There are 2 protein chains.
Amino acid sequence: MSITLKDIAQKANVAESTVSRALNDKAGVSQSTKIKILKIAKKNNYRPNQLARGLAIKKTNMIAVITDELDNQGQIKIVKEIEKEAEKAGYQIILCNTKQNPEKEKSYLSLLESNQVEGAIFIGDQLVGSALLKASLSSENNIVLVNRLAEENFFTSVLTDYSHGIFKATKHLIEQGFKNIAILAGSENSLIEAEKLKGYKKALKNSDLKLNHDLIFKNTAGRKAGYNSFLKLCKMNLIPDAFISTQELTTIGLVEAIKTGGYFIPDDFALIGYADTILSSIIEPPLSVLSEPIAKLGSFSFAFLLNLINNNLAEPQIKVLSPKLIVRESSIAKYN
Amino acid sequence: MSITLKDIAQKANVAESTVSRALNDKAGVSQSTKIKILKIAKKNNYRPNQLARGLAIKKTNMIAVITDELDNQGQIKIVKEIEKEAEKAGYQIILCNTKQNPEKEKSYLSLLESNQVEGAIFIGDQLVGSALLKASLSSENNIVLVNRLAEENFFTSVLTDYSHGIFKATKHLIEQGFKNIAILAGSENSLIEAEKLKGYKKALKNSDLKLNHDLIFKNTAGRKAGYNSFLKLCKMNLIPDAFISTQELTTIGLVEAIKTGGYFIPDDFALIGYADTILSSIIEPPLSVLSEPIAKLGSFSFAFLLNLINNNLAEPQIKVLSPKLIVRESSIAKYN
DNA sequence: TTGTATGCGTTATCAG
DNA sequence: CTGATAACGCATACAA
């Protein structure tokens, strides 16, 4: 058993309350007794029991960070950023992984409801479910959403403007003179992917280009899917001159297929990928990509949550951040 | 305020203890009252306050996972694996990041000492410091180390046999007929890197090859360092025919330098890298690498910790796992 | 089967 | 400045 307040009180011949005051630097205790108490505490390596403390003052200094897939590089970076900010503010984070399972999400929600954490940040691509929605209705549940789209958004959230990101990428390709731009998007059920498609379509319309549905590939997620979609394309009549690929692994597969086919990037096919990881700079040629404002996503979300916890947020806030277009070789027209 | 046991007791006209028994599925409560209580609890969305519960039964179902750098891909994968195992056992994990700062490590240790967590897993490359050492002396502190070397190891730990890994890699290159094998290792202060060098030397000796200190590059960590070390090599008399590079980014830099110099892998220089990430399979040519047993590292460490928590471990246990050599094109001699 | 009383370790309120 | 004492929400030994 570790040492408690009571033990120290006995050793110092004072009341527990005095010890508590001394240890917490509160007024109302003479310098001499304070020193005596502090000395005893240090000598015995006293650590206040945080559970008891939390129970008494209703503060745990912990928040939950709930991701849907811990594999996701981007999400991990956001977690890291949140951890950094949280640490500054004296908060610990509990890491949760729902593995895309709504039941898990629901169970993690009880961390909030059981007062283990003071707030929760949900990161991810899933539609906001009923459990989360319901929980958010209570003003006691401090919840911030990151990159999580809801059909109607009552939540305080930090969002990436996927649509505008892809819009910028598409416009860039158009400006480079490419006319037939294909897009490889992920799961049709993903609101995020839907947003990306919107941006693509908007850019075409904005430039008076005709939308060709044959150039839109949905549900291509993963290296293999990226590879295969290129093969499919080759059998079609309309060959595109540029690609936008909305997911990293898909992009890799696509690049492999293009190279295997004996074609060159950007000479035969221009290409813009998604996510600015080391991969995109190493691949041959260096890839133009859309880069998410990861750091800001993390810092804003924690700042919001802290405000919620401290009741400094009168009503839900939404912060929208735009991805940055990083132009490297893969999207530059060689012979303009 | 959320609803408490007491509230439910009042609504049901029974004592708190009865409610507690009913909710915890304990014997000694009639079916009828139990149903009544359960119904009221559900209706009011009751969630037991875990702080109070933990305080009463001295169990938090939480463990701390302490990494030294959250950037580290390998470490994150281990965390993910631990999370998976922990979840099965009903444990939550608190994620901590010391940023290589011993002070931080010390402060996270207090999570243990203040009974917030039932145990802690330390992952990382740093030497075990005095604070950790001291904490480990108390049998109340359940501590497991992962890939963390100590000069004398009293800890229950799970270790990668770095030395043997590099030994295997070196032997493989020798068997392929390479005679002048250079090694690019990381920080001289890292015990892990020191282990790797040991394996290299041992393999040379084992094959009666002379150790050439000019072929040992220490403190080469990062892309730039990898690149530069190749440039340095080019100015030397003795040009190696093969490389072992012990860190991923360093390997990338090295590959870039080799290619920029107009040389080919493995024709001019064979190469074995470290860490089996997607990068190593994408790079041209696909890289032979040493792959760490990440999943096992995670599952063993949690299993150990659980045993410690349940007092099922009479004395410190050490599990040593060996990295796997994955042979791809980069280490195959073309003209044997 | 149920209720009462007490403890877990801390903070806070109120006297003294 | 200091000390009792209640409260936080739950679990449990003991009585009824």
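None of these values were measured; they are calculated from a predicted model. So that the names make sense, note that chain A is the first sequence line, chain B the second, and so on, each numbered from 1.
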Run through A:V158, A:L159, A:I82 and flag the one making a side-chain contact (heavy atoms from CB on, under 4.5 Å) with A:L297.
-> A:V158
Criterion side-chain contact (heavy atoms from CB on, under 4.5 Å) against B:I143, the qualifying member of B:L132, B:T156, B:L305 = B:L132
In whole angstrom, what separates [X]'s [atom1] from [N]'s [atom2]?
X: A:I37; N: D:dC1; atom1: CD1; atom2: P; answer: 13 Å
X: A:L55; N: C:dG7; atom1: CG; atom2: P; answer: 17 Å
X: B:I8; N: D:dC10; atom1: CD1; atom2: P; answer: 8 Å
X: B:N49; N: D:dA7; atom1: CG; atom2: P; answer: 17 Å
X: A:L5; N: C:dG7; atom1: CG; atom2: P; answer: 17 Å
X: A:N13; N: D:dG3; atom1: CG; atom2: P; answer: 9 Å
X: A:E113; N: D:dG9; atom1: CD; atom2: C1'; answer: 17 Å
X: A:K58; N: C:dG9; atom1: NZ; atom2: P; answer: 19 Å

Please tell me if [X] has a side-chain N or O lying less than 4.0 Å from either OP1 or OP2 of [N].
X: A:K59; N: C:dT10; result: no
X: A:R53; N: C:dG9; result: no
X: B:S20; N: D:dA11; result: yes
X: B:T18; N: C:dG3; result: yes
X: A:N24; N: C:dT11; result: yes
X: A:T33; N: D:dC1; result: no
X: A:K26; N: C:dA12; result: yes

DNA chain D nearest-nucleotide lookup for A:N115 and A:S30: closer to the 5′ end is A:S30
Could you state the interatomic distance from CD (A:Q10) to CD1 (A:I8), rounded to the nearest 0.5 Å?
-> 11.0 Å
Between [options], which nucleotide gets closest to the side-chain atoms of [X]?
X: B:V14; options: D:dG9, C:dT10, C:dG3; result: C:dG3
X: A:E16; options: D:dG3, C:dT10, D:dA13; result: C:dT10
X: B:R21; options: C:dT10, D:dG9, D:dC14; result: D:dC14

Kindly say whether, by distance alone, the side chain of A:S17 makes a donor-acceptor pair under 3.5 Å with the base of C:dT11?
-> no
5'-most contact on DNA chain C (nearest-nucleotide basis), A:L23 vs B:G28, goes to B:G28
Quick check: closest heavy atoms across [X] and [Y], and the distance to 0.1 Å?
X: B:R21; Y: B:A27; value: CD-O, 3.9 Å
X: A:N115; Y: A:T60; value: O-CG2, 3.5 Å
X: B:G54; Y: A:L51; value: C-CD1, 3.8 Å

Base, sugar-phosphate, or nothing: which does [X] touch, judged by heavy atoms less than 4.0 Å apart?
X: A:Q50; answer: nothing
X: B:I57; answer: sugar-phosphate
X: B:D7; answer: nothing
X: B:V19; answer: nothing

